[in-house]
Amino acid sequence: MTLLGLLAVTPMLLASSSLFAQQTTTVADALYDPTGKPLSGTLVITNQTTFASADGFQIPEGNQITVNVTNGAFSVALVPNVGATPSGTSYRVSYYVGGLHTTETWVVPQTPNPANLSSVRALAPPLPSPQLPITQVNPPSPCTANFFLQWQGGGWNCAQPTLAQLPPATSTALGAIQLAGDLGNAATFPQVTSTHLAAALPVSQGGTGTGTGFSAGSVIFAATGGAYTEDANFSWDGTNHRLGVGTSTPAAALHLVFSGSSTIPANNLLVENDYGGVGVSATEITARSASGGYGAGINFQSKETGTQTYLSQATIEAEGSLPWNSVASASSFLRFSTINLGTLAEQMRLDSFGNLGLGTVTPAEKLDVAGSIRSALNTVAFSFTPTFDASLGNTQKITLLANVTSSTLSNASAGQYLFFLICQDSTGGRTFTWPANVRGGMTLGAIASKCSAQSFVFDGTTAYALSGGMTNQ
């Protein structure tokens, strides 16, 4: 427990005779240093102002009492400030314990049980407030709805508020008005029951502008008129730090869920660069022509923890070609770039004509590749009735360990090129039966440990041979 910790001990009445009264409250606790060691020393308690206790005892200003703190424990009986006249009185307490000297303010309540430090400490001395006799508090009759208490010379009365005095409100609710100060033993309950107006705290004063309770996780935003509101499709998961748009249970850092069939971009993620176009000068057009125009894209980056060193980076970017002064001549393209030897370089481009270029920024065909193409090799384990799955590769290879009595070609796509590589084992002389949907299949060479190869194109139903093939290679 830290200094001035809150551990109650058996009360000991150590108040001086000058502070004794018929009604007292015992303040008892234990004091420890930050290491948990009990403190010893004294407390000097001074009455700040002259006041009269609730049972009529006069306590003069400046009266002091010294309380011993032994092995951390202290206890003292004090006249309560609560219920005293005038209201707003307090004690000033000076600590001389363990070489420490500090002060604080106590406001002692009326209680038959011992009070600890947390129940008597005050951040600052309370301000005295005037007290009114009971005869001045009670209005001539109970206030009705939409009326409020107003001071009229020698007492309170009910008054009709003007529009200027009323805050914005949509409903009223019964409530109790409790006056400042203490009304003594007779004031067991609030003295005045009336009505008060209820209204949402305006946004300009730190409120939400609405009396509606918000759902947990809702992202609050200002709606029409400035009042705050929520939307079930806009949610924050504070536990996993995720934002959901269109969902209240986001499964990723940003989770977008759309429904319906609205036109683009209503149900899509829109990334926009709102610069350029109409009004761009000829000089600007010329300058931007060399770099491809203005684009909007998505960057994917991975960086070293705690630094700005990027380990990897990729970009998908939509660009518009120039000039922009003629909408009819403008076109767009989508380019894909990755880090290559430390420089972000374009690797693939899809233009507005639907042409895809790999290694070229000016694709002339639906697929234009500047460089070689490598197709997958599907090696099929030997069986007497093997199946060649075209979805696993354009090239199908098998080594004959015996005669193949039948075979099957599956999952080929229309327009797909297929290559068969059929090899003899170390014995040789094995025979092979082509799939039923293959036309023009060659007769295999029979030399041991040699291979035969042939190319085909698939039209959606049948694979047709493109060559006579090569045997015993």
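The line from CD1 of Ile447 to SG of Cys423 is 13.0 Å long, rounded to the nearest 0.5 Å. Remark: Leu256 CG to Asn233 CG distance equals 11.5 Å, nearest 0.5 Å. Taken from CZ in Arg121 to CD in Glu104, the straight-line distance is 4.5 Å, to the nearest 0.5 Å. Atom CG of Asn71 and atom CG of Leu31 lie 11.0 Å apart (nearest 0.5 Å). In this structure, OG1 on Thr443 lies 9.5 Å from CH2 on Trp434, to the nearest 0.5 angstrom. A distance of 11.0 Å separates OG of Ser455 from CZ of Phe420, quoted to the nearest 0.5 Å.
The 12-atom threshold is exceeded at CG of Leu254, counting heavy atoms of other residues, nucleotides or ligands nearer than 6.0 Å. No more than 12 heavy-atom neighbours from other residues, nucleotides or ligands sit within 6.0 angstrom of CZ on Arg92. The environment of CZ in Phe384 is sparse: at most 12 heavy-atom neighbours from other residues, nucleotides or ligands sit within 6.0 Å. For Tyr417, the OH atom is loosely surrounded, since the number of other residues' heavy atoms within 6.0 Å does not exceed 12.
In terms of heavy-atom proximity, Leu78 sits nearest to Val27 at CD1-CG2, 4.5 Å. Between Leu392 and Ala376, the shortest heavy-atom contact is O-CB, 3.7 Å. Residue Ala465 comes nearest to Gln454 through the heavy atom pair CB-NE2, 3.4 Å, listed as atom of the first residue, atom of the second, then distance. In this structure, Thr387 and Ser410 approach most closely via the heavy-atom pair CG2-OG, 3.6 Å. Smallest separation of non-hydrogen atoms from Arg439 and Phe456: O-CE2, 3.8 Å. Contact detail for Ala390 and Leu409: the closest heavy-atom pair is CB-CD1, 4.4 Å.
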request  = Could you walk me through whether Gln396 and Ile398 pass side-chain contact (heavy atoms from CB on, under 4.5 Å), step by step?
outcome  = CA-CA 7 Å; Gln396 307 288 323; Ile398 187 172; over 6 Å; no
ask   = Which is it for Asp33 and Val97 under the side-chain contact (heavy atoms from CB on, under 4.5 Å) test, yes or no, and what are the steps along the way?
value = CA-CA 9 Å; Asp33 68 12; Val97 290; over 6 Å; no
inquiry  = Checking Asn68 against Thr70 for the side chain to side chain donor-acceptor pair (under 3.5 Å) test, could you report, in this order, the C-alpha distance in whole Å, the side-chain angles of both residues, the deciding distance, and whether it holds?
reply    = CA-CA 6 Å; Asn68 291 325; Thr70 304; 5.8 Å; no
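In this structure the side chain of Thr399 never reaches within 4.5 angstrom of the side chain of Thr379, judged on heavy atoms. Between Phe382 and Val404, the closest side-chain pair of non-hydrogen atoms falls below 4.5 Å. Side-chain atoms of Val219 and Leu243, non-hydrogen and from C-beta on, do get closer than 4.5 Å to each other. Residues Pro435 and Thr408 form no side-chain contact, since every pair of their non-hydrogen atoms from C-beta on lies 4.5 Å or further apart. Side-chain contact between Pro109 and Pro80 is absent, with no heavy atoms from C-beta onward closer than 4.5 Å.
Panel note: side chain Thr385, backbone Ser406; no donor-acceptor pair is recorded below 3.5 Å. Judged by distance alone, with hydrogens and angles left aside, the side-chain atoms of Asp351 form no donor-acceptor pair with the main-chain N or O of Phe333 at under 3.5 Å. With hydrogens and angles disregarded, no donor-acceptor distance shorter than 3.5 Å links the side chain of Gln424 to the backbone of Leu400. In terms of modelled atom types and a separation under 3.5 Å, the side chain of Ser452 and the main chain of Gly445 share a donor-acceptor contact. The backbone N or O of Ile220 sits nowhere less than 3.5 Å from a side-chain atom of Ser218 that would complete a donor-acceptor pair. The closest donor-acceptor contact from the side chain of Asn472 to the backbone of Ala446 lies under 3.5 Å. For Gln473 (side chain) and Thr471 (main-chain N/O), a donor-acceptor pair under 3.5 Å exists by modelled atom type. Using a distance-only test at 3.5 Å, with no hydrogens or angles considered, no donor-acceptor pair links the side chain of Thr247 to the main chain of Gly244. With hydrogens and angles ignored, the 3.5 Å screen pairs a side-chain donor or acceptor of Glu230 with a backbone N or O of Ser215. Formation of a donor-acceptor pair under 3.5 Å by the Thr433 side chain with backbone atoms of Thr405 is found in this model.
Using cut-offs of 30° and 60° on the angle between ring planes, the pair Tyr96 and His101 is parallel. Relative orientation of the Phe234 and Phe221 rings is tilted, given thresholds of 30° and 60° on the angle between their planes. Trp236 and His241 have tilted rings, their planes meeting at an angle from 30° to 60° on a 0 to 90° scale.
No hydrogens or angles considered: a donor-acceptor pair under 3.5 Å links the side chains of Thr431 and Asn403. Side-chain contact annotation: Asp29 with Asn116, donor-acceptor N/O pair under 3.5 Å absent.
Applying the side chain to side chain contact (heavy atoms under 4.5 Å, CB included) test between Lys397 and each of Val380, Leu377, Ile422 identifies Leu377 as the sole match.
Pairs passing the salt bridge (charged side-chain N to carboxylate O under 4.0 Å, His left out) check and including a residue from residues 402-429, sequence neighbours excluded, read Asp425-Arg430.
You'll find the ring centres of Tyr228 and Phe214 outside the 6.0 Å limit.
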